[in-house]
Colleague: 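Got a structure for you, questions after.
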Protein chains: 2
Amino acid sequence: MDPLSIPLIPTDSNKPSPEFFQQFEKKFKALADEKRLEILYEITRQGSVCVCDLSETIEMKQSKLSYHLKILLDAELITKETKGTWNYYQLNYTELNTLLSEKLCCVFRADDE
Amino acid sequence: MDPLSIPLIPTDSNKPSPEFFQQFEKKFKALADEKRLEILYEITRQGSVCVCDLSETIEMKQSKLSYHLKILLDAELITKETKGTWNYYQLNYTELNTLLSEKLCCVFRADDE
DNA sequence: TTTTTATATCAAGAAAAATTGATTATAAGA
DNA sequence: TCTTATAATCAATTTTTCTTGATATAAAAA
């Protein structure tokens, strides 16, 4: 869901609605953590990773990793795919590319394939 | 200062240094607040504003406004110019455009003039 | 079917960030 | 000089977020 597709409800002097700002707040909050940026970096690099892969690259215990992945997932910056016992995470290209500059390409975002 | 100019210190397997991620954490944290996004939106719209202007557009008491402006300033997303008793704030175009997508133009970022 | 592996979730405590009202500093005006 | 206006900062409190270890769930393997 494209965050910019949220209608700019004309309240006072055409200012966007509180919901408009809240949507972005949620997404930037998800990005606003060193550890989550590192996770995003790894997903950008590796393409599709499971929690077990990540816990090898990133020094972090499993429950913590799951906690941070959930925040990225809830902000719709990444997506999840379950295969048996494994959960694979990948970038949500559309969302990240709507949000982030092309200059951040290949660090925290990538072009869709 | 361009955040991407921070050297990607090759630690383990060329992964960027903790400092690299921390810089972005700080900038995204500054963006990760509904009220600060509203402030940024107003500065984007109005170009250069003083605290007194903002407290008319945004319902927020003066000390709170100063607090949030300082966070945006410390993250180098905006700049400050003092003229007499007034402090005028404006966008740091370079920084915002390095960080944010062109799709966010005219909401939270703008092209330099 | 029992065990192991992968991962999510929960509850409690710790840490960080936000809010508030008061105070301070400084410049401009009377 | 005395007063007013602009805006930063401080200390105390509240709120939010993060971390941790334990537990739950569900699939795969033995």
Side-chain angles (χ1 to χ4, degrees), chain A residues 18 21-43 46-90, chain B residues 18-19 21-43 46-91:
Chain A
F21 293 112
Q22 282 159 12
Q23 272 255 348
F24 285 105
E25 169 179 304
K26 185 169 188 178
K27 288 172 197 301
F28 287 126
K29 266 207 167 89
L31 291 168
D33 181 275
E34 187 189 350
K35 286 299 177 186
R36 287 195 289 272
L37 288 173
E38 201 180 332
I39 291 171
L40 214 49
Y41 170 84
E42 286 302 332
I43 301 179
Q46 298 179 39
S48 186
V49 289
C50 60
V51 182
C52 54
D53 286 345
L54 279 173
S55 65
E56 277 176 24
T57 330
I58 301 175
E59 207 166 304
M60 200 185 285
K61 56 183 59 172
Q62 181 267 317
S63 70
K64 197 169 168 179
L65 207 40
S66 279
Y67 168 79
H68 286 299
L69 282 166
K70 186 162 167 40
I71 287 174
L72 290 168
L73 190 66
D74 287 349
E76 297 178 274
L77 301 183
I78 58 175
T79 57
K80 179 166 88 168
E81 207 178 338
T82 302
K83 278 179 189 163
T85 328
W86 288 267
N87 277 349
Y88 290 91
Y89 291 90
Q90 42 270 138
Chain B
E19 292 74 33
F21 293 112
Q22 281 158 13
Q23 271 256 348
F24 283 105
E25 170 179 303
K26 184 170 187 179
K27 288 172 197 301
F28 286 127
K29 262 206 171 90
L31 291 168
D33 180 275
E34 188 189 348
K35 287 299 177 187
R36 288 195 290 271
L37 288 174
E38 202 181 328
I39 291 172
L40 215 48
Y41 170 84
E42 287 301 334
I43 301 180
Q46 298 178 40
S48 185
V49 288
C50 61
V51 181
C52 54
D53 286 344
L54 279 173
S55 65
E56 277 176 27
T57 331
I58 299 175
E59 207 166 304
M60 202 186 284
K61 57 183 59 173
Q62 181 268 319
S63 70
K64 197 170 170 180
L65 207 40
S66 279
Y67 169 78
H68 286 298
L69 282 166
K70 184 162 169 40
I71 288 173
L72 290 167
L73 191 67
D74 287 348
E76 297 177 273
L77 300 185
I78 59 175
T79 58
K80 180 165 89 167
E81 208 179 338
T82 302
K83 278 180 189 162
T85 328
W86 287 267
N87 277 348
Y88 290 91
Y89 290 92
Q90 41 269 138
L91 295 188

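Since the model is a prediction, treat every value here as computed from it, not as a measurement. Lettering follows sequence order; numbering is per chain, from 1.
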Colleague: List in numerical order all residues of residues 49-56 of chain B for which some heavy atom is under 4.0 Å away from an atom belonging to DNA chain C.
Modeller: none
Colleague: Less than 4.0 angstrom between a side-chain N/O of B:N87 and OP1 or OP2 of D:dA8, yes or no?
Modeller: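 Looking at the OP1 and OP2 atoms of D:dA8, one of them is under 4.0 Å from a side-chain N or O of B:N87.
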Colleague: Report yes if a side-chain nitrogen or oxygen of B:Y89 is closer than 4.0 Å to either non-bridging phosphate oxygen (OP1 or OP2) of D:dT6; otherwise report no.
Modeller: no
Colleague: Residues in side chain to side chain donor-acceptor pair (under 3.5 Å) with A:K26, at least two apart?
Modeller: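 Result, side chain to side chain donor-acceptor pair (under 3.5 Å) vs A:K26: none returned.
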Colleague: Nearest-Å distance, CD (B:E81) to C1' (D:dT6)?
Modeller: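 Value for this atom pair: 16 Å.
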Colleague: Just to verify, what does B:E34 make a salt bridge (charged side-chain N to carboxylate O under 4.0 Å, His left out) with, not counting sequence neighbours?
Modeller: none
Colleague: Can you list, pair by pair, the side-chain donor-acceptor contacts under 3.5 Å of residues 46-53 of chain B, counting residues two or more places apart and other chains?
Modeller:
unit_1: B:Q46; atom_1: NE2; unit_2: B:E42; atom_2: OE1; d: 2.8
unit_1: B:S48; atom_1: OG; unit_2: B:Q90; atom_2: NE2; d: 2.8

Colleague: Could you check how far OH of A:Y88 sits from P of C:dA6, rounded to whole Å?
Modeller: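 Result: 10 Å.
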Colleague: Specify the separation, in whole Å, of atom CG of B:L65 and atom C1' of C:dT19.
Modeller: 13 Å
Colleague: Using a cut-off of less than 4.0 Å, is there contact between a side-chain N or O of B:K80 and OP1 or OP2 of D:dA8?
Modeller: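 Yes, within the criterion.
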Colleague: Just to verify, what does B:D33 make a side chain to side chain donor-acceptor pair (under 3.5 Å) with, not counting sequence neighbours?
Modeller: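 Listed in chain order: nothing, the list is empty.
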Colleague: I need a per-nucleotide contact map over nucleotides 18-30 of chain D, read 5' to 3'. Cutoff is protein heavy atoms under 4.0 Å; write B for the base, S for backbone only, - otherwise.
Modeller: BBBBB----SS--
Colleague: Rounded to whole Å, how long is the line connecting atom CG of B:L37 with atom P of C:dA18?
Modeller: 12 Å
Colleague: Please enumerate all residues that pass ring pair (Phe, Tyr, Trp, His ring centres under 6.0 Å) together with A:Y67, with sequence neighbours excluded.
Modeller: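 So A:Y67 forms no ring pair (Phe, Tyr, Trp, His ring centres under 6.0 Å) with any residue.
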Colleague: Could you give all pairs that pass the salt bridge (charged side-chain N to carboxylate O under 4.0 Å, His left out) test and reach residues 79-90 of chain B, with sequence neighbours left out?
Modeller: none
Colleague: Applying side chain to side chain contact (heavy atoms under 4.5 Å, CB included), name anything that partners B:K64, two or more places apart in sequence or on another chain.
Modeller: B:M60, B:K61, B:H68
